[in-house]
Structure formats: structure tokens, C-alpha cells
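Following: one structure in C-alpha cells, then a few remarks.
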2 protein chains.
Amino acid sequence: MNIGDAARASGVNQKMIRYYESIGLIGDVARSANGYRTYTHNDIHTLAFVRRARRLGFSIEQIQALMTLWRDKERSSAEVKAIAQGHIDELQAKIEELAEMRRTLEHLVSCCAGDDRPDCPILDGLSANVDAASALAGVSPRGHP
Amino acid sequence: MNIGDAARASGVNQKMIRYYESIGLIGDVARSANGYRTYTHNDIHTLAFVRRARRLGFSIEQIQALMTLWRDKERSSAEVKAIAQGHIDELQAKIEELAEMRRTLEHLVSCCAGDDRPDCPILDGLSANVDAASALAGVSPRGHP
DNA sequence: CTTGACCTTCCCATCATGGGAGACCCTATC
DNA sequence: GATAGGGTCTCCCATGATGGGAAGGTCAAG
């Protein structure tokens, strides 16, 4: 199996396969006489593992660790779980960060008429004068009703 | 005001101020005789605008557009609102993507004993044999009860 | 005059992904 | 045997936003 077949079989594209090899995420693969990379069934399996892990948002570094455990038949599932839980926490933090942005933006957007006139609470909110936007929504940033 | 003061006043750090200038996000700023950048009150205001927009997750490109509208007294608030709504949609898409990852991971994690033994549904789930993990949770991926 | 705090530009690194160039390799068809 | 096409190789560059660090100029206080 050449790299093109490996890409199709694993769902990881060629560029990425070479990249993963170059950074040592996957071991150096066998080469045939012409210098082409040759993939075994097992290599494909590894690539597919990486792909799934990436799709779940694991970083290369985390995947490195996961693969070490994957190959280690003496591992404890607790180690794997810790990595996964750590990643869940990262995801959660990111989600909350984005949700907070969205919340703020939705508030501004809901205050904006969205018509032909230039008056715009969104721009006001982005300008220094946050009070202007807050006031529009009846929210008092410094607890002053 | 030199760049250090501008950074403190606007909350945008020096590196970023220079970067924003280099990519044309903010216009070239005045220089004093010694070549130091000199910031006016207005420049600070602009920087603070950029900072707030960044904090809401707007890309530089979007901020570019927002600032153009900001300066345009003939703008329609609809244009601003469209950009903001577009960004909300992006945020929402990202949130959903991350939430889906989290959901899947939480499922796997909940199936994992997290003890000293090597058996690990998380690794099984990342391996090709997805059925193994699904089966553990009583979920049938191909609608086969 | 030195010290220390500023400021300048320039280069490099991040993370994961990909585009593209230029050079080989192999197979099929003419 | 020539040529066309598709596959592969390596190498360089780019992304977006951020920042580290080097080497050197400037200024005010001691």
C-alpha cells in the first residue's frame, strides 16, 4: 500500500501522514525500492486511531500519550481516563469561553435595530463607552440602578 | 504617549499594537523625532475598540470591517448587525462542534473503569473497532438491538 | 558617565493544515 | 521506444494571532 491508498483507507490525507511521520507521531514507515512509503494493515490502523483522536479534538501531544498507552499492554485504564478527562475539561473551558462571547454578542445584537440608520449599540458596545450599551439594556455595570 | 503607555491605556500589548499597525488594521501612527510611535487619545480609543472586538472573538478581518463601519457616519446599523450575527453563527457552530466532541468523549469516559487494569473503552473507541465501545454502552451503531 | 527603563526593527516559534514546485517512478497506450 | 498520465518524493512557503528574544538606539535620573 502506497501513501495514496493509506490516505484513502485511513481517512488521513497524504500531507498529514507525512507530517505525522516527520514529527515522530507515527514511526518511520517501510520504504519500497523506489523510495515510496509502504503501509501495512497495522500502519493504517494506527493512522485511523490518530484520525479519530484528532476528530475528538485531542492535540498531537495528547495523541502521542494515548498511543503510548494504546501500545502498552500493561497500562492502567486510569491513565487513559485521566488524559481523556483532561481533554474534556479543556473542551468545556473553551465552550464556556465561546458561549460567553456569544452571550455578550447576542445581547448587543438584540439591542441593535438593524435598519438603515447609523445608530448602533453594537458599535457603541465595542467603543469605550460600554455604559451606553449596558444602559440600553437596562443593565447597570456598576450596580447603580 | 509612547507605545508602553498606549499598551497600558488600551489593554493591547506592545507587540500586538505593532502587529496591528503592520497589517494595516490601524493606520500608521505618528512618530516623534526619535522614531518612537506617538499615540493620541483617539488612537487609544481605536486600540481599545480592537481589543474589545478581539475579546468577543471577532477575527482581524471582521474587525477591519467593523472599524470601517465605525468610522462611517453614514453606515446602516444593519451592516454592523449582519457582521455580528455572522460571528454569532460562527461561535455557535464552533460551540456545537466542541460540544459534540465533549459528548462523545464523556460517553467513552463514563464507560471506562479508570482503574489499574488495561481494559479501556476509550482506547477501544479510538481504535477501529468502534462497535466495541458502542456495545459496551448498549448503543447499537447500525440500528441492531 | 553610567544605569535602567524605554523604544526600534528583525527573526523565529507556536499548532495543524495545506498549496505548490520540481524531480522521479511506474504503467498503459501508441 | 516514446509519450502521456498519475503517483510519489522532498523542500519551501503560508495560514492567524500571539509572543520570545536579540541587537541596537534614546532618554531621564543619579
Side-chain angles (χ1 to χ4, degrees), chain A residues 1-26 28-39 43-44 47 49-67 86-87 90-91 93-94 97-98 101, chain B residues 1-26 28-40 43-44 47-67 86-87 90-91 93-94 97-98 101:
Chain A
M1 262 179 137
N2 287 342
I3 199 170
D5 308 298
R8 273 181 293 273
S10 68
V12 180
N13 85 25
Q14 300 187 21
K15 280 281 189 187
M16 283 301 103
I17 294 178
R18 294 197 193 94
Y19 172 69
Y20 292 154
E21 183 183 339
S22 80
I23 62 172
L25 179 64
I26 56 180
D28 281 15
V29 75
R31 301 279 185 135
S32 54
N34 57 17
Y36 287 14
R37 291 172 178 82
T38 323
Y39 296 86
D43 293 332
I44 305 300
L47 286 169
F49 181 98
V50 173
R51 177 168 185 253
R52 289 196 188 82
R54 283 294 300 137
R55 293 208 146 193
L56 289 179
F58 284 105
S59 69
I60 299 288
E61 197 178 351
Q62 288 170 321
I63 296 174
Q64 190 77 265
L66 288 173
M67 290 211 303
H87 182 43
E90 291 167 6
L91 287 171
K94 191 70 187 168
E97 186 188 342
L98 297 179
M101 289 176 182
Chain B
M1 262 176 136
N2 287 341
I3 198 170
D5 307 299
R8 273 181 292 274
S10 66
V12 179
N13 87 24
Q14 300 187 22
K15 280 277 189 189
M16 283 302 101
I17 295 179
R18 294 197 193 93
Y19 172 67
Y20 293 153
E21 183 183 340
S22 80
I23 61 171
L25 180 62
I26 56 179
D28 283 14
V29 75
R31 302 279 186 135
S32 55
N34 56 16
Y36 289 13
R37 290 172 179 80
T38 324
Y39 296 86
T40 64
D43 293 332
I44 306 299
L47 286 169
F49 180 98
V50 173
R51 176 166 185 255
R52 289 196 189 84
R54 283 295 299 138
R55 294 209 144 194
L56 289 179
F58 284 105
S59 69
I60 299 290
E61 197 179 351
Q62 287 169 324
I63 296 174
Q64 191 78 265
L66 287 173
M67 291 210 304
H87 182 44
E90 289 166 8
L91 288 171
K94 191 71 187 165
E97 185 187 345
L98 298 179
M101 290 176 183

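We name chains A, B, ... by the order of the sequence lines, and we start the count at 1 in each one. Quick caveat, the model's predicted, so the values are computed rather than measured.
Atom CD1 in Ile23(B) sits about 14 Å away from atom P in dG19(D), given to the nearest Å. Spacing between atom CD of Glu21(B) and atom C1' of dT8(C) amounts to 12 Å, rounded to whole angstrom units. Across the protein-nucleic acid pair, Tyr39(A) atom OH and dG7(D) atom P stand 16 Å apart, rounded to whole Å. Look at CE on Met1(A): it is 20 Å from P on dC26(C), rounded to the nearest Å. Atom pair Arg54(A):CZ and dC15(C):P shows a separation of 12 Å (rounding to whole Å applied). With rounding to whole Å, Met16(A) atom CE is found 11 Å from dG19(C) atom C1'. Computed from coordinates, the Ile17(B) CD1 to dT18(D) C1' distance equals 14 Å when rounded to whole Å.
Residue order along DNA chain D, read from the 5' end via each residue's closest nucleotide, puts Tyr36(A) first among Lys15(A) and Tyr36(A). For the pair Ala33(A) and Gln14(B), nearest-nucleotide mapping onto DNA chain C gives the more 5' position to Gln14(B).
Dashed line: the shortest gap from a side-chain N or O of Asn34(A) to OP1 or OP2 of dC26(C) is under 4.0 Å. The phosphate of dT8(C) (OP1 or OP2) has a side-chain N or O of Arg37(B) nearer than 4.0 angstrom. Distances shown here put every side-chain N or O of Asn13(A) at or beyond 4.0 Å from the OP1 or OP2 atom of dT17(C). The phosphate of dT18(D) has OP1 or OP2 within less than 4.0 Å of a side-chain N or O from Tyr20(B). Residue Arg31(B) has a polar side-chain atom (N or O) positioned under 4.0 Å from OP1 or OP2 of dT9(C). Contact annotation: Arg18(B) does not reach the phosphate of dG19(D) (side-chain N/O to OP1 or OP2, under 4.0 Å).
When the nucleotides dC7(C), dT8(D), dT18(D) are ranked by their closest atom to the side chain of Asn2(A), dT8(D) comes out on top. Nearest nucleotide to the side chain of Tyr19(A), out of dT17(C), dT8(D), dT18(D): dT17(C).
Listed by residue number, the members of residues 58-67 of chain B with any heavy atom below 4.0 angstrom from DNA chain C form an empty set.
Distance alone, capped at 3.5 Å, places no donor-acceptor pair between the Arg52(B) side chain and the Leu56(B) backbone. Side-chain N or O atoms of Asn13(A) include one that pairs as donor or acceptor with a backbone N or O of Met16(A) at under 3.5 Å.
Rounded to 10°, the angle separating the first-five-pair axis and the last-five-pair axis of the helix from dC1(C)-dG30(D) to dC30(C)-dG1(D) equals 40°.
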Please tabulate, one pair per line, each protein N/O and nucleotide N/O from nucleotides 1-3 of chain D that are separated by under 3.5 Å, including the distance.
none

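Considering every non-hydrogen atom in both Asp43(A) and Thr38(A), the closest pair reads OD2-O, 3.9 Å.
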